[in-house]
Structure formats: structure tokens, C-alpha cells
Chemist: 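After the C-alpha cells below, expect a handful of questions from me.
All heavy atoms count here, side chains included; hydrogens, waters and symmetry mates do not. Because the structure is predicted, anything quoted here is derived from the model rather than measured.
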Amino acid sequence: VQLQASGGGLVQAGGSLRLSCAASRSIFSMNIMGWYRQAPGKQRELVQDITSSGSTNYADSVKGRFTIFRDGAKNTVNLQMNSLKPEDTGVYYCYARYLEYDYWGQGTLVTVSS
């Protein structure tokens with residue numbers, strides 16, 4: 001499985017960005033897909049993910065601000081990020097679990113300026 005992430009960039013606090021993760025297999029065949037992030041000097045952490053049945057899991061810090069959704073036509077899993085804060089800055093990684101294997105896309109940098 002290959003994952004291609006896109007959509008990062010520089011945005012001011014309070015702004016919005018949308019990240020997109022394109023997969024080489026059907027996104028609906030994946031057990032889980034989601035987004036992790038890693039801030040400078042910190043461990044990688046879950047941002048939000050979605051299971052094959054559509055259930056979502058998210059970090060408390062993004063509740064009410066971020067939304068993960070699937071686009072079947074484009075075969076992408078997207079992360080809509082609103083009301084961005086400087087503490088959302090980091091490298092965001094697309095993730096997928098297919099069968100018993102984990103796959104990672106390349107990171108995309110999100111920088112939120114205050």
C-alpha cells in the first residue's frame with residue numbers, strides 16, 4: 001500500500017487547511033486510515049482516524065475543530081482542519097492499516113503562525 005499526503009502549508013492562527021491522503025488501494029479496503037502528527041521535539045501522536053465502518057477516533061485537542069472524511073470518488077482520506085492553533089504545528093503523516101500491516105505516507109508540514 002502506498003500513501004501520498006498533500007495539503008500542508010503555512011497558515012495564520014484561526015485559519016483552515018485541508019490535508020489529503022491518496023491510497024494505492026481502495027480506502028474502503030483498509031481496516032483503519034488516519035492522520036498522525038509530530039511536533040518538534042515531541043512524539044508522534046494520533047490526530048484522527050476512521051475505521052472501515054466509518055467510526056472515528058480523535059485526539060481531545062482537535063475535538064470540534066478537525067474532521068476526517070473519506071472521498072470515494074478520489075480514493076482519498078481527508079483531514080479538514082479549522083480554527084488552527086500554533087500548537088497544531090507539526091509534520092502530519094497519513095497512516096493506514098491493511099490486514100495486519102501498518103503503512104505510512106510521507107509527512108506534510110503544517111505551520112500555524114500566531
Side-chain angles (χ1 to χ4, degrees):
V1 177
Q2 294 182 330
L3 304 172
Q4 181 71 39
S6 62
L10 173 64
V11 65
Q12 289 188 331
S16 298
L17 280 176
R18 179 178 293 183
L19 305 183
S20 182
C21 177
S24 60
R25 295 186 61 94
S26 169
I27 59 172
F28 298 103
S29 70
M30 309 294 183
N31 303 94
I32 302 173
M33 289 193 71
W35 292 90
Y36 282 70
R37 69 185 178 191
Q38 188 165 19
K42 295 187 177 181
Q43 290 188 328
R44 192 175 296 189
E45 64 174 358
L46 172 69
V47 177
Q48 196 165 17
D49 62 22
I50 184 166
T51 69
S52 56
S53 64
S55 299
T56 62
N57 186 34
Y58 52 85
D60 287 342
S61 60
V62 306
K63 182 180 180 181
R65 299 188 298 122
F66 291 12
T67 302
I68 192 169
F69 64 97
R70 296 177 290 189
D71 185 334
K74 296 180 179 180
N75 202 45
T76 58
V77 173
N78 307 285
L79 185 68
Q80 178 65 41
M81 306 186 293
N82 299 327
S83 302
L84 283 160
K85 304 176 180 180
E87 51 264 42
D88 294 318
T89 293
V91 179
Y92 284 67
Y93 296 91
C94 179
Y95 160 81
R97 172 164 292 177
Y98 177 66
L99 301 179
E100 68 271 29
Y101 298 106
D102 295 333
Y103 298 89
W104 295 91
Q106 90 289 5
T108 185
L109 178 62
V110 172
T111 303
V112 184
S113 63
S114 58

Chemist: Let me have the donor-acceptor pairs involving side chains of residues 40-47, under 3.5 Å, with sequence neighbours excluded, atom names and distances please.
Modeler:
from : atom 1 : to  : atom 2 : distance (Å)
E45  : OE2    : R37 : NE     : 2.8
E45  : OE2    : R37 : NH2    : 3.3

Chemist: Nearest 0.5 Å, what's the OG1-CD distance between T89 and Q38?
Modeler: 13.5 Å
Chemist: With sequence neighbours excluded, tell me which residues meet salt bridge (Lys or Arg N to Asp or Glu O under 4.0 Å) with D102.
Modeler: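 With sequence neighbours excluded, D102 shows a salt bridge (Lys or Arg N to Asp or Glu O under 4.0 Å) to R97, given in chain and number order.
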Chemist: For Y36, which of Y92, Y58, Y95 qualifies under ring-ring contact (aromatic ring centres under 6.0 Å, His included)?
Modeler: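 Answer to the ring-ring contact (aromatic ring centres under 6.0 Å, His included) test with Y36 among Y92, Y58, Y95: Y95.
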Chemist: Are the side chains of M30 and V1 in touch, meaning some heavy atoms are under 4.5 Å apart?
Modeler: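 With C-beta onward as the side chain, the pair touches.
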Chemist: Begin with the C-alpha distance, continue with both residues' side-chain angles, and end with the deciding distance and a verdict on side chain to side chain contact (heavy atoms under 4.5 Å, CB included) for D88 and M81.
Modeler: CA-CA 9 Å; D88 294 318; M81 306 186 293; over 6 Å; no
Chemist: Linking I/L/V/M/F/W/Y whenever any side-chain heavy atoms sit under 4.5 Å apart, do Y103 and L99 land together?
Modeler: yes
Chemist: When you look at N78 and Q80, which way does the side-chain hydrogen bond (donor to acceptor under 3.5 Å, both in side chains) test go after all the steps?
Modeler: CA-CA 6 Å; N78 307 285; Q80 178 65 41; over 6 Å; no
Chemist: I need the full list of disulfide (SG to SG under 2.5 Å) pairs touching residues 17-114, with sequence neighbours left out, sorted by first then second residue.
Modeler: C21-C94
Chemist: Do side-chain atoms of N75 reach the backbone of I27 as a donor and acceptor pair under 3.5 angstrom?
Modeler: yes
Chemist: Just verifying a value: how many Å separate K85 NZ and R65 CZ, rounded to the nearest 0.5 Å?
Modeler: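 These two atoms lie 4.5 Å from each other.
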Chemist: Could you tell me which non-hydrogen atom of L3 sits nearest to which non-hydrogen atom of A23, and how far apart they are?
Modeler: CD2-CB, 3.8 Å
Chemist: With sequence neighbours left out, what residues match R25 under salt bridge (Lys or Arg N to Asp or Glu O under 4.0 Å)?
Modeler: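 Result, salt bridge (Lys or Arg N to Asp or Glu O under 4.0 Å) vs R25: none returned.
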Chemist: Scan the side chains in residues 104-114 for donor-acceptor partners under 3.5 Å anywhere in the protein, sequence neighbours excluded, and list what turns up.
Modeler:
from : atom 1 : to : atom 2 : distance (Å)
Q106 : OE1    : A5 : N      : 3.3
Q106 : NE2    : A5 : O      : 2.8
T108 : OG1    : G8 : N      : 3.1

Chemist: If you round to the nearest 0.5 Å, how far is OG1 of T76 from CE of M33?
Modeler: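 Interatomic distance, M33 CE to T76 OG1, rounded to 0.5 Å: 8.5 Å.
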Chemist: By side chain to side chain contact (heavy atoms under 4.5 Å, CB included), which residues pair with S6, not counting sequence neighbours?
Modeler: S20
Chemist: Could you point out which residue of W35, F66, F69 forms a side-chain contact (heavy atoms from CB on, under 4.5 Å) with Q48?
Modeler: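 When W35, F66, F69 are each tested with Q48, the side-chain contact (heavy atoms from CB on, under 4.5 Å) holds only for F66.
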Chemist: To the nearest 0.5 Å, what is the distance between OG1 on T67 and CG on N82?
Modeler: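 Going from the OG1 atom of T67 to the CG atom of N82 covers 6.5 Å.
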Chemist: About how many Å separate CG of N31 and CG of D49, when rounded to the nearest 0.5 Å?
Modeler: 11.5 Å
Chemist: Establish whether Y93 and Y101 are linked, either directly or via other cluster members, by ILVMFWY side-chain heavy-atom contacts under 4.5 Å.
Modeler: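 The answer is no; the residues belong to distinct hydrophobic clusters.
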Chemist: Same hydrophobic cluster for F28 and I50, using side-chain heavy-atom links shorter than 4.5 Å among ILVMFWY?
Modeler: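 Both belong to a single hydrophobic cluster.
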